[in-house]
Amino acid sequence: VSDTNLRISGDRLINRLTELGRIGAAPGGGVRRIALTAADRDGRDLLVRWMKDAGLKVRVDRIGNIFGIRKGTTDLSPVMTGSHIDTVLDGGLYDGTLGVLAGLEVVECLNDADLQTERDLVIAAFTNEEGARFQPDMMGSLVYAGGLAIDEALTITDLDGQSVGAELEKIGYAGDMACGEIAPQAFIELHIEQGPVLEREATAIGAVENLQGISWTEIHIRGEANHAGTTPMEMRRDAGYCAAALACRVREITREIGNGQVGTVGTFTLTPSIINVVPGEARLTVDLRNADDTLLIEAENLLANCLDDLRQTERVEIDVRRLARFEPVAFDTAIVERIETNAARLGHACRRMTSGAGHDAQMMARICPTAMIFVPSRDGISHNPAEFTAPEYLIAGADILLQTVLDLTASS
Ligand SMILES: [Zn+2]
């Protein structure tokens with residue numbers, strides 16, 4: 001029977017978020033704790049000390065993921081929660097760290113209440129979620145879930161030629177546990193929303209039911225550079241016009257598809273880029289996202305149709321290069337419902353939502369039932385020193401995590 005009256009200590013959670021944020025503190029109030037640097041090592045050391053102080057058994061796997069294990073009363077497969085403690089170049093206090101330290105706070109709360117769970121509870125801190133130094137991002141959870149071979153991951157290098165394997169050795173986190181050895185029965189991640197939706201609706205809790213699929217393409221248009229005054233309009237092969245028409249079409253496609261479809265032309269360059277020359281070449285990128293893969297494919301097809309039209313009507317050549325394509329991730333409905341139920345019981349406004357950003361949970365969803373809890377981000381800002389979540393929301397999120405972990409671990 002779960003203890004529904006149990007609540008986390010907001011002071012302890014917030015003090016720890018603040019203390020961890022001092023490691024790698026950057027000018028302007030930000031945090032610079034890039035994966036596998038000395039600052040990352042110091043942050044890991046502090047986390048491991050806290051885990052051990054809380055009585056957790058700490059294990060480190062070969063990709064440097066840290067696991068703090070609180071034994072349950074049975075040998076049933078464990079429940080895992082967590083996130084990451086690495087940051088982007090100038091990140092904030094909460095992205096990733098909230099999920100890890102709230103997991104630790106759940107442990108402290110169970111300890112204080114002298115509560116035993118049937119299943120083990122495992123707090124995870126995954127290596128290099130941000131991908132600020134080593135690509136791909138979400139590396140630790142990707143390797144853990146079997147999506148990237150460990151031996152391949154260890155040879156990946158940064159811009160200075162330093163490898164993941166060598167840097168893990170250097171900071172003392174080249175563990176010996178096999179990646180994936182602890183096979184969870186469920187995974188749940190608390191994270192800041194990194195978007196404006198919850199704040200706009202004054203809703204404390206997001207029950208994240210899925211995560212957007214991503215389609216990235218680079219488009220190279222070749223026409224003919226020519227005199228802007230002497231070339232009649234009907235004789236032009238204007239790559240600049242085609243690129244602009246395409247950018248406008250991307251916006252139309254999002255309107256036609258609706259249902260959360262987003263589309264962005266984030267880069268756009270014309271050559272030669274001179275006022276009195278018809279552009280001979282254009283390069284642009286298109287970022288399309290949707291939580292429904294059928295709709296995402298439809299958006300991709302509409303984009304392809306537009307390219308065909310431009311090839312014919314404007315007599316340009318167009319090359320398309322796919323830069324990335326990830327299918328949407330559907331989280332576990334039963335866990336999402338538990339989050340909603342617990343939010344209602346504790347009196348917190350809650351809505352279902354889609355994650356617009358990538359998270360370790362999407363990798364863990366490959367190997368076990370998974371869901372996420374979001375809390376509001378002020379002004380929707382993240383990856384920025386101004387990142388902020390109000391204490392009441394941090395506490396609400398951690399309390400919902402606690403109750404959902406209690407459900408999943410079956411405690412008495
Ligand atoms: Zn994150």
Side-chain angles (χ1 to χ4, degrees), residues 13 16-17 20-21 23-24 26 30-37 39-40 43-44 47 63-66 80-105 123-145 147 187-199 205-208 210-212 214 289 326 329 331 353-366 370-389 393-394 397-398 400-401:
L13 173 62
R16 281 184 167 165
L17 283 164
L20 185 53
I23 298 177
V31 183
R32 183 175 299 181
R33 211 166 43 236
I34 292 172
L36 313 189
T37 59
D40 186 21
R44 286 164 173 265
L47 174 66
I63 194 67
N65 296 323
I66 298 169
M80 190 180 286
T81 184
S83 191
H84 60 96
I85 65 165
D86 68 314
T87 71
V88 292
L89 186 62
D90 279 301
L93 226 54
Y94 308 99
D95 180 353
T97 53
L98 174 61
V100 176
L101 296 181
L104 185 61
E105 179 53 36
I123 313 306
F126 293 106
T127 295
N128 185 33
E129 192 275 344
E130 296 289 6
R133 179 181 176 199
F134 297 100
Q135 285 80 48
D137 55 3
M138 296 173 269
M139 182 183 284
S141 49
L142 177 65
V143 172
Y144 197 79
F187 181 79
I188 181 164
E189 179 174 4
L190 169 64
H191 203 282
I192 58 169
E193 179 196 348
Q194 302 181 272
V197 174
L198 291 174
E199 181 187 58
I205 301 294
V208 185
N210 53 19
L211 192 139
Q212 285 180 333
I214 297 178
R289 304 187 194 210
F326 296 107
V329 176
F331 288 134
M353 57 194 306
T354 294
S355 174
H359 295 289
D360 291 312
Q362 82 192 71
M363 300 306 173
M364 296 304 287
R366 296 176 177 206
T370 295
M372 295 187 74
I373 302 166
F374 276 176
V375 287
S377 298
R378 186 174 67 194
D379 299 328
I381 290 173
S382 71
H383 287 186
N384 185 313
E387 182 180 290
F388 180 78
T389 297
Y393 293 142
L394 299 171
I400 300 303
L401 180 68

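Owing to the predicted nature of the structure, the values given are computational and were not obtained by experimental measurement. Order of appearance sets the numbers: ligands from 1, and atoms from 1 within every ligand.
The Zn ion (ligand 1) is closest to atom OD1 of D95 (considering only N, O or S atoms).
The side-chain heavy atoms of I123 and T81, taken from C-beta on, include a pair separated by under 4.5 Å.
Rounding to 10 degrees gives 120° for the angle at the Zn ion (ligand 1) between NE2 of H191 and NE2 of H84.
Judged purely by atom type and a 3.5 angstrom limit, D90 has no side-chain atom pairing as donor or acceptor with the backbone of G30. The closest donor-acceptor contact from the side chain of R133 to the backbone of L36 lies under 3.5 Å.
Here E130 does not reach the Zn ion (ligand 1): none of its N/O/S atoms is less than 2.8 Å from the metal.
Aromatic ring centres of H359 and F331 lie farther apart than the 6.0 Å criterion allows.
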